Amino acid sequence: MKPLDAAGRLHLLLLRALTGILGVFLIFTPMSGLWMISQMRRYSVFQDFGGYVRHWSSIGSLLAFLLCCLGMFTALFWLCLVCRRLRIVKRLVVWSMIWIPVLNYGLAFYVWALARQEIDHSLYKIRLDDVRAERQICRTKYPLILVHGVGFRDYRYFNYWGRIPRELARNGAQVYYGHQEAWGTVEDNAEILKEEILGICKETGAEKVNIIAHSKGGLDSRYLISGLHMAPYVASLTTINTPHRGSALVEFLMKLPEGVYRFICRRIDCCFRKFGDKKPDTYTASRQLSCGYAVKFNQKYPDDNRVYYQSYASLMKRGFSSKLLCIPYWILKAIDGPNDGLVTEESARWTNFRGTLKNKYLRGISHGDMIDLTREDYRDFHVTEFYIALVKELGELGF
């Protein structure tokens, strides 16, 4: 068993133990409370307190209720820390209201139910992963290269793609990274991708690669194929939340005074040089995401028919679905339309559009959710399952 698998199973074991303990106290707390109330009524605690305290059954019922409450509070406190489906705000709400009678019991039952859902999902996932790992369903003819978007780099200890690469590799995929710069221009990043792909082909002996690109990474990859004539080395390109037709949000930001805009860009360049960018050019890279640039780009660099293209989009349903993207979501929705926090559905549509990812709940699926930014599973959407299905299909198509 791999270390990460062992940690996951240990977490599940702890979650099951705390859920079981809390479940026991959820049963015994109201039972002991009813026993305590019956003893109080029987011995008239308010009329004859001295008589009440002289009976062991009355004192025993009181102690039993207090111990059950303490046990329930303790189990609830630790379960709030362990349960991944409970977010920080909800944890704070539970902890702040843990001493309010009756309400705390309802909160405990709510957390217990969430933990049960997480346990059921984890057990199902473990069984499914064990079966799929044997079948190697993500084994493709050509290696995968994951190409990140703007503002990030492929760090060793903070993976842009979250849990996705590990799950793909566990199911048989050969996974590599683009390693392009966070704020490099489309042209500069494409040059880096070219060297990476040639290196991967030499290392693996493969003739081509499959590219899965998120956000601006899709534009870097399209220029790589059509601008640098790398189509013979690319079997497929899958773009996810890529602004193929630009972003009205960038057009909005470009209305800032030129001096202010350039000053902000210089500050970002200075910062990302420290994080490894050799040629950061935030001013140009950001403007390459504008709608005006997209029109010229699409005309100059059409798709190459030797490469299989497909694209996906996602949509948030409300601003508070993502704390990081709430402001850009509201701005973009006001000036353009429904979006994922940075890119509209219409802009993400490209050749062989496969659909828009969303769920029936209020949260929706944000730009960051599509790369497992928060490392969480949401109801009706599991990001690792999406990528496993995507890569499995690429393999079935012969790529």
Side-chain angles (χ1 to χ4, degrees), residues 140 142-152 154 160-161 164-165 168 175-178 180 184-187 189-190 192-194 196-197 208-228 230-231 233-247 249-250 285 288-291 293-295 297-315 339-358 365-373 383 386-387 389-391 393-394 397 399:
T140 54
Y142 305 113
L144 302 177
I145 179 168
L146 303 180
V147 180
H148 67 72
V150 72
F152 286 87
D154 289 315
Y160 177 87
W161 299 88
I164 297 164
L168 293 179
V175 182
Y176 295 87
Y177 301 98
Q180 76 273 33
T185 64
V186 166
E187 295 80 8
N189 280 353
I192 295 173
L193 287 175
K194 178 180 178 179
E196 290 292 330
I197 290 173
K208 303 180 180 183
V209 298
N210 293 303
I211 300 177
I212 299 178
H214 178 251
S215 193
K216 178 178 172 289
L219 301 182
D220 296 343
S221 301
R222 284 179 53 202
Y223 181 83
L224 165 84
I225 295 168
S226 301
L228 299 183
M230 284 287 288
Y233 295 92
V234 179
S236 69
L237 169 61
T238 302
T239 61
I240 299 170
N241 302 78
T242 292
H244 293 288
R245 293 173 176 80
S247 174
L249 182 63
V250 175
Q288 287 179 332
L289 300 174
S290 67
C291 300
Y293 176 85
V295 172
F297 182 86
N298 293 337
Q299 292 174 347
K300 191 173 182 179
Y301 304 108
D303 293 347
D304 192 303
N305 56 19
R306 291 171 292 180
V307 177
Y308 173 75
Y309 292 81
Q310 61 178 351
S311 59
Y312 290 88
S314 72
L315 285 179
N339 61 87
D340 64 5
L342 291 175
V343 180
T344 62
E345 179 183 24
E346 183 60 30
S347 185
R349 284 177 175 268
W350 197 244
T351 305
N352 192 22
F353 182 64
R354 302 299 305 279
T356 301
L357 279 79
K358 46 191 173 184
I365 311 300
S366 76
H367 198 82
D369 293 337
M370 291 304 299
I371 54 166
D372 197 29
L373 184 64
V383 66
F386 165 75
Y387 281 92
L390 188 160
V391 174
E393 188 179 68
L394 286 175
L397 290 172
F399 301 119

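All figures in this text were calculated on a predicted structure; none of them were measured in a lab. Start at 1 with the first residue, then count along the sequence.
Test Asp372, Val175, Ile212, Val391 against Ile164 for side chain to side chain contact (heavy atoms under 4.5 Å, CB included) and you get one pass: Asp372.
Rounding to the nearest 0.5 angstrom, the gap separating the CG atom in Leu237 from the OG1 atom in Thr351 is 9.0 Å. Rounding to the nearest 0.5 Å places CD1 of Ile192 at 7.0 Å from CD of Gln180. Summarising the geometry, atom CD belonging to Gln310 is positioned 5.5 Å from atom CG belonging to Leu394; distances are rounded to the nearest 0.5 Å. For the atom pair Ser347 OG and Leu249 CG, the distance stands at 11.5 Å (nearest 0.5 Å). Taking CG of Leu228 as the reference point, atom CG of Leu193 lies at 9.0 Å (rounded to 0.5 Å). Taking CG of Leu390 as the start and CD1 of Ile240 as the end, the distance is 6.0 Å to the nearest 0.5 Å.
Within a 6.0 Å radius of OH in Tyr233, no more than 12 heavy atoms belonging to other residues, nucleotides or ligands are found.
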What's the verdict on side chain to side chain contact (heavy atoms under 4.5 Å, CB included) for Val209 and Leu144, showing C-alpha distance, side-chain angles and the deciding distance? CA-CA 6 Å; Val209 298; Leu144 302 177; over 6 Å; no
Steps toward side chain to side chain contact (heavy atoms under 4.5 Å, CB included) verdict (Phe297, Leu219): CA-CA 9 Å; Phe297 182 86; Leu219 301 182; 4.3 Å; yes
Could you go step by step and tell me if Leu397 and Tyr308 meet the side chain to side chain contact (heavy atoms under 4.5 Å, CB included) rule? CA-CA 10 Å; Leu397 290 172; Tyr308 173 75; 3.9 Å; yes
Could you go step by step and tell me if Asp369 and Ser314 meet the side-chain hydrogen bond (donor to acceptor under 3.5 Å, both in side chains) rule? CA-CA 9 Å; Asp369 293 337; Ser314 72; over 6 Å; no
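With sequence neighbours excluded, the residues that form a salt bridge (charged side-chain N to carboxylate O under 4.0 Å, His left out) with Glu393 are Arg354. Residues that satisfy the salt bridge (charged side-chain N to carboxylate O under 4.0 Å, His left out) test with Asp303, not counting sequence neighbours, are absent from this structure. The salt bridge (charged side-chain N to carboxylate O under 4.0 Å, His left out) check on Glu345 picks up Arg349, with sequence neighbours excluded. Judged as a salt bridge (charged side-chain N to carboxylate O under 4.0 Å, His left out), and not counting sequence neighbours, the contacts of Asp220 are Lys216. Applying the side chain to side chain contact (heavy atoms under 4.5 Å, CB included) test to Ser311 and every residue at least two apart in sequence or in another chain returns Thr239, Trp350, Phe353. Annotation: ring-ring contact (aromatic ring centres under 6.0 Å, His included) contacts of Tyr160 (sequence neighbours excluded): His148, Phe152, His214.
Put simply, the side chain of Asn241 does not reach to within 4.5 Å of the side chain of Ile371, judged on heavy atoms. For the pair Arg222/His244, a side-chain contact is recorded, criterion being any heavy-atom separation below 4.5 Å from C-beta on. Ile211 places a side-chain heavy atom less than 4.5 Å from the side chain of Ile197.
A donor-acceptor pair under 3.5 Å is absent between the side-chain atoms of Thr140 and the main chain of Pro143, judged by distance alone. With hydrogens and angles disregarded, a donor-acceptor distance shorter than 3.5 Å links the side chain of Tyr309 to the backbone of Asp304. The main-chain N or O of Ser290 is never found under 3.5 Å from a side-chain atom of Ser247 such that the two would form a donor-acceptor pair. Remark: the backbone N or O of Met370 is paired with a side-chain donor or acceptor of Tyr387 at under 3.5 angstrom. Between the side chain of Ser221 and the backbone N or O of Gly217, at least one donor-acceptor pair lies under 3.5 Å. Thr242 places a side-chain N or O within 3.5 Å of a backbone atom of Ser215 that can act as its donor or acceptor partner. Between the side chain of Asn210 and the backbone N or O of Phe399, at least one donor-acceptor pair lies under 3.5 Å.
When all heavy atoms of Gly178 and Glu196 are compared, the closest pair comes out as O-CG, 3.1 Å. For the pair Leu289 and Pro243, the tightest heavy-atom approach, listed with the atom from each and the gap, is CD2-CG, 3.9 Å. A pairwise comparison of heavy atoms in Val234 and Val307 identifies O-CG2, 3.4 Å as the closest pair. The heavy-atom pair separating Ala294 from Gly246 by the smallest distance is CB-N, 3.4 Å.
For Tyr223 and Tyr301, the ring centers sit closer than 6.0 Å to each other.
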